[in-house]
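Down below is the structure, laid out as structure tokens.
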Amino acid sequence: CAVAMALIVLCFAGAGSRVSLSGGTYAYAGVAFGPYIGFVVAMSLWFGSQVLASAAVAAVFVDTLAALNPRFGEPAVRAAILIFVYSLLAAINIRGVKTGSRVVQTVTAAKLTPLILLIAVGLFAIEAQHLAWPGMPSKDELARTSIILIFAFLGIESALTPSGEVRNPARTVPRAIFTSLIVVTIIYMGIQIVSLGVLGPDLATNTKAPLAETARRLLGSGGHLLVLVGAAVSTFGYVAGDMLAAPRGIYALGRDRLLPSVIASVHPTYRTPYVAILIHAVLCLGFALSGSFQQLVVLAVIATLIVYLICCLAAIQLQRRNIRDEGAVPFQVPGGPVIPIIASAIVIWLMTASTRQEFLAMGAMLVAETALFLLMRVRRAPDPTTA
């Protein structure tokens, strides 16, 4: 997955160094293929990488609480927790971005500590036989597993969003996303190697809180509690960060009249995009209540893979048209169109691992996005009788 993402990141780097506009993948796709494709990218990224991803992580948050106290896993209590979390975060962010950002900063500061501690201690407790290579899985198993593992890298494209506000984007943007990729890969490989090396075959059966069980064997009950609390803080922090940033994406689309203008409504007192915040919170809550982590992750990844495919193709188009900022030297993707073509093929291969129901769900998403784009286009068209 890291190798596949590296090829996709090369495409991001090539596109990001040629289009120095804020908006990231939305901007690149729009310049390369026009406003409709740009709209599909913006909506698919919001729905997949933000709404569905937030709902998936919220599900993990409640599972983590259930590992601390089984009562939290009861359906009614689980639903109450999710409703409380999204209501609380919506209220905080409607009150103001400063309050929301403080919440995110507070929970972000602590969430990596348990993971780094787990890796540092666990590397000295690995049992070598647990890491023995069992043989190559089938290509279907590999694709299906990879489409879940890619979730670990979702969000790496967020480094592209402020390209229009970055000095020397041809150099800065590629450096940012490659650094992100390397750091994420090292941390996740460390976690995986330690967990497998300590738990062995038990890792496959411990689906609710595998890191907590790893910490329990390494550090006793104190380590188990530390990792569970760290996981709860981390997943809550993810949802809080998403609630801070994601609504502003659809707010911008409403402001630009690509979505109904009511979505761009600003609270009269707090001056925050309260309608966009409420819409995002309600959708995230609905999916968190109705789906499991694995179901939501797969749908989130498939929606985001649509965006990645378009951006890989955009890298070819932007290079072919020689789009660049005046006087700037863009990042050159090695091999010209070869890497974007390979990356596109990998994305398509990963998407083939989706089930019929998942494929139909993503098809429905694209149909809805198309209908919404056409509807908004008709509404924006000038009335000939008033000309």
Side-chain angles (χ1 to χ4, degrees), residues 11-12 15-16 19 21-55 154 157-158 160-161 163-164 242 245-266 273 275-284 286-287 299-318 321 323 344 347-348 351 354 358-387:
C11 299
F12 285 160
V19 180
L21 296 174
S22 293
T25 51
Y26 164 60
Y28 310 151
V31 171
F33 300 119
Y36 166 65
I37 298 299
F39 179 79
V40 167
V41 163
M43 291 299 294
S44 298
L45 195 62
W46 168 67
F47 182 67
S49 190
Q50 293 173 333
V51 172
L52 292 177
S54 173
L154 293 197
E157 69 283 344
S158 61
L160 309 169
T161 303
S163 296
D242 176 77
R248 281 144 179 94
I250 57 170
Y251 161 80
L253 292 176
R255 180 199 60 203
D256 296 340
R257 299 182 64 196
L258 293 171
L259 286 177
S261 58
V262 67
I263 295 176
S265 299
V266 175
V275 174
I277 291 171
L278 290 173
I279 289 173
H280 186 74
V282 169
L283 281 175
C284 291
F287 281 105
L299 290 175
V301 170
I302 295 172
T304 309
L305 285 177
I306 293 172
V307 174
Y308 288 176
L309 177 61
I310 293 173
C311 289
C312 290
L313 298 175
I316 300 174
Q317 178 74 342
L318 293 171
R321 291 168 51 191
I323 301 292
S344 299
V347 170
I348 293 171
M351 292 172 70
S354 58
E358 292 160 354
F359 180 79
L360 290 174
M362 290 302 101
M365 179 192 75
L366 293 175
V367 169
E369 290 170 354
T370 302
L372 186 56
F373 177 82
L374 293 175
L375 176 62
M376 293 305 301
R377 188 172 185 177
V378 170
R379 291 183 61 180
R380 292 195 308 269
D383 187 346
T385 63
T386 62

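Positions are given from 1, in the same order as the sequence printed here. What you see is a predicted model, and the numbers here were worked out from it, not measured in a lab.
- Remark: Ile302 CD1 to Met362 CE distance equals 6.0 Å, nearest 0.5 Å.
- Note that CE of Met43 and CG of Leu258 are 10.0 Å apart. Values are rounded to the nearest 0.5 Å.
- Taking 4.5 Å as the limit, every side-chain heavy atom of Tyr251 sits out of range of all side-chain heavy atoms of Ile277.
- Every ring pair (Phe, Tyr, Trp, His ring centres under 6.0 Å) that Tyr36 has, sequence neighbours left out, goes to Phe373.
- In this structure, Ser44 and Leu366 have side chains that are in contact, with non-hydrogen atoms separated by less than 4.5 Å.
- Shown here are the salt bridge (charged side-chain N to carboxylate O under 4.0 Å, His left out) partners of Glu369, two or more places apart in sequence or in another chain: there are none.
- In this structure, Ser261 has no side chain to side chain contact (heavy atoms under 4.5 Å, CB included) partners at least two apart in sequence or on a different chain.
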CA sep, side-chain torsions, deciding dist, call: His280, Gln50, side chain to side chain contact (heavy atoms under 4.5 Å, CB included): CA-CA 9 Å; His280 186 74; Gln50 293 173 333; 4.1 Å; yes

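- Ser49 places no side-chain N or O within donor-acceptor distance of the main-chain N or O of Leu45, the cut-off being under 3.5 Å.
- Annotation: side chain of Leu283 is in contact with side chain of Trp46 (closest heavy-atom distance under 4.5 Å).
- Listed here is the closest heavy atom pair of Pro247 and Ala276: O-CB, 3.4 Å.
- Judged as a ring pair (Phe, Tyr, Trp, His ring centres under 6.0 Å), and not counting sequence neighbours, the contacts of Phe287 are Phe47.
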Distance-only criterion, 3.5 Å: show the donor-acceptor pairs between side-chain atoms of residues 310-317 and protein atoms not counting sequence neighbours.
{"residue": "Gln317", "atom": "OE1", "partner": "Arg320", "partner atom": "NE", "Å": "3.2"}
{"residue": "Gln317", "atom": "OE1", "partner": "Arg320", "partner atom": "NH2", "Å": "3.2"}

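- Taking the side chain to side chain contact (heavy atoms under 4.5 Å, CB included) definition, one finds that Val282 meets it with nothing, sequence neighbours left out.
- Taking CG of Leu259 as the reference point, atom CD1 of Ile250 lies at 7.0 Å (rounded to 0.5 Å).
- By the side chain to side chain contact (heavy atoms under 4.5 Å, CB included) test, Val262 is found to be paired with Pro260, Ser265, residues two or more places apart in sequence or in another chain being considered.
- In this structure, the side chains of Ile306 and Met365 come closer than 4.5 Å at one or more pairs of heavy atoms.
- Here the straight-line distance linking atom OG1 of Thr304 with atom CG of Leu154 works out to 4.5 Å at 0.5 Å rounding.
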Test side chain to side chain contact (heavy atoms under 4.5 Å, CB included) applied to Leu318 and Val31, step by step: CA-CA 8 Å; Leu318 293 171; Val31 171; 3.8 Å; yes

